[in-house]
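In this text the structure is predicted, and so the values were computed from the model without any measurement. Lettering follows sequence order; numbering is per chain, from 1.
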Number of protein chains: 2
Amino acid sequence: MARSGTAEQAGAQAPLTPRADFPLAGRSGYLLHKAALLLLEDVEQALDGIGMRSRYFFVLASLAGGPDLSQQDLSRLLSLDPTTVVALVDEMERNQHVERRRNPADRRRYNLILTESGREALAEADRVVTEAESAFFGGLADDEREALRGMLGRLMEGRWPASVCTA
Amino acid sequence: MARSGTAEQAGAQAPLTPRADFPLAGRSGYLLHKAALLLLEDVEQALDGIGMRSRYFFVLASLAGGPDLSQQDLSRLLSLDPTTVVALVDEMERNQHVERRRNPADRRRYNLILTESGREALAEADRVVTEAESAFFGGLADDEREALRGMLGRLMEGRWPASVCTA
DNA sequence: GTTGAACGTTGATATCTTCGATGATGGATA
DNA sequence: TATCCATCATCGAAGATATCAACGTTCAAC
């Protein structure tokens, strides 16, 4: 709180009284939490237009980085329960967006690889998500957005995505 | 991606190969999402020590700002389903942390007010959460944290918490 | 070879969210 | 005043999620 004040007159016509004294609004932690919720809302809504959910997109995007991720890797990387990953990959395999291939070096694991069709789906989703994010971060100047990305990265240093290995 | 590179040697001793090419790591949106998840994990774990969950704390903290919030307000403010709020307030009333009082100006509404016991619970939770957040944001200088808070606030301008009214 | 651990999978359970319906109330209109 | 519609809180059912224990397979260490 005590910041700016540029948006306070936004709802002037409506009989709403903005609560400048809302305690959580002064807490960096809750701001981060809430901002992430709002963004996720936007992304989810944008993806809904092409019949995809955010987690599906996250997996697609993760797999695009390399062919060597296992389901366990995804679980840790995206904070998903291993059980959830099984169901997700099942679905993606039905859609022919990914393939499970046994890792020859460790036959317990699968190497999850993106199919050509998966890449196309990712490309489309990527457009949609990028658009939603641009709108969300639109209020920030380019260098600010860069600074924000830097800070967020530093907050997670050592916790993510460093804990992921390519066996 | 393409940023800094200060943390890449953090897990040097472990046989892990950090994936610098992880695509989502370059996306501001996902960084925000993931950072919020990690922070929530920390906060949840910290609150677990005193037998409280994060949402319970959020409501407690929201109510501390003024006596005039209704359940509907909470619902919008915290992105909670009205149904969920009912159950939450029920629980809080059982714990004698809040009271429901009919709003005399609009008898459909309740004014939710914090009891003395509720304030004590909030004080304790506040300590715990503040500690967890301090640890999480520890890697940031004070002015950086301030800048971060400012940017997050600006991202939500007009969407939160401006939409909340005190009838 | 034996032991213990990791990976993927399954199924049961608990929890949360979502949706529609309801009764009470308020506000606007005629 | 009477009528109509929206809002608030609540309930119950249905759907989606997360959580947990257990299993077979495979790997690594001894």
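Contacts classified as side chain to side chain donor-acceptor pair (under 3.5 Å) and involving residues 80-89 of chain B (residues at least two apart or in different chains) are given here: B:Asp81-B:Thr83. Within the structure, ring-ring contact (aromatic ring centres under 6.0 Å, His included) pairs that include any residue of residues 119-149 of chain B do not occur (at least two apart or interchain).
Taking the charged nitrogens against the carboxylate oxygens, B:Arg53 and B:Glu91 do have a contact shorter than 4.0 Å, which makes a salt bridge. The pair B:Glu146-B:Arg149 meets the salt-bridge criterion, with a side-chain N (NZ, NE, NH1 or NH2) lying under 4.0 Å from an Asp/Glu carboxylate O.
Taking five base pairs at each end of the helix from C:dG1-D:dC30 to C:dA30-D:dT1, the local helix axes there meet at an angle of 30°, rounded to 10°.
Partners of A:Asp126 according to the salt bridge (Lys or Arg N to Asp or Glu O under 4.0 Å) rule, which considers only residues two or more places apart in sequence or in another chain, are B:Arg27. Residues passing the salt bridge (Lys or Arg N to Asp or Glu O under 4.0 Å) test with A:Glu93, sequence neighbours excluded: A:Arg100. Every salt bridge (Lys or Arg N to Asp or Glu O under 4.0 Å) that A:Glu99 has, sequence neighbours left out, goes to A:Arg101. Here B:Phe57 pairs with nothing under the ring pair (Phe, Tyr, Trp, His ring centres under 6.0 Å) rule; sequence neighbours left out. Under the rule for a salt bridge (Lys or Arg N to Asp or Glu O under 4.0 Å), the partners of B:Glu144 that lie at least two apart in sequence or sit in another chain are A:Arg154. Checked against ring pair (Phe, Tyr, Trp, His ring centres under 6.0 Å), A:His97 has the following partners two or more places apart in sequence or in another chain: A:Tyr56.
Of the residues in residues 32-39 of chain B, none has a non-hydrogen atom less than 4.0 angstrom from any atom of DNA chain C.
Rounded to a whole Å, the OH atom of A:Tyr56 is 14 Å from the P atom of D:dT17. Between the CG atom of B:Leu40 and the P atom of C:dC16 there is a distance of 13 Å, rounded to whole Å. Rounded to whole Å, the distance from CZ on A:Arg102 to C1' on D:dT25 is 8 Å. What separates CG of B:Leu69 from C1' of D:dA9 is a distance of 16 Å, to the nearest Å. In this structure, the CD atom of A:Gln72 is 6 Å from the C1' atom of C:dC7, given to the nearest Å. The nearest whole Å value for the distance from the CD atom in A:Glu91 to the C1' atom in D:dT17 is 14 Å. The separation between A:Asp81 atom CG and C:dC7 atom P is 14 Å, rounded to whole Å. The interatomic distance linking A:Glu99 (CD) with C:dG8 (P) rounds to 16 Å, in whole Å.
Aromatic ring orientation, A:Trp160 versus B:Tyr30: tilted (interplanar angle from 30° to 60°).
Across all non-hydrogen atoms, the minimal contact from B:Ala36 to A:Leu32 is CB-O, 4.0 Å.
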Contact string for nucleotides 10-16 of chain D, one letter per nucleotide 5' to 3', B = base within protein heavy-atom range under 4.0 Å, S = sugar-phosphate only, - = neither, reads SBB----
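Within the model, atoms OG of B:Ser54 and CG of B:Asp48 stand 11.0 Å from one another, a figure rounded to the nearest 0.5 Å.
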Tabulated below should be each protein N or O lying under 3.5 Å from an N or O of nucleotides 27-30 of chain D; please produce it.
residue : atom : partner  : partner atom : Å
D:dC27  : OP1  : A:Arg107 : N            : 3.0

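Contact annotation: A:Thr84 side-chain N/O to D:dT17 OP1/OP2 distance is not under 4.0 Å.
Within the 3.5 Å criterion, the main-chain N or O of A:Arg108 finds a donor-acceptor partner in the side chain of A:Arg102.
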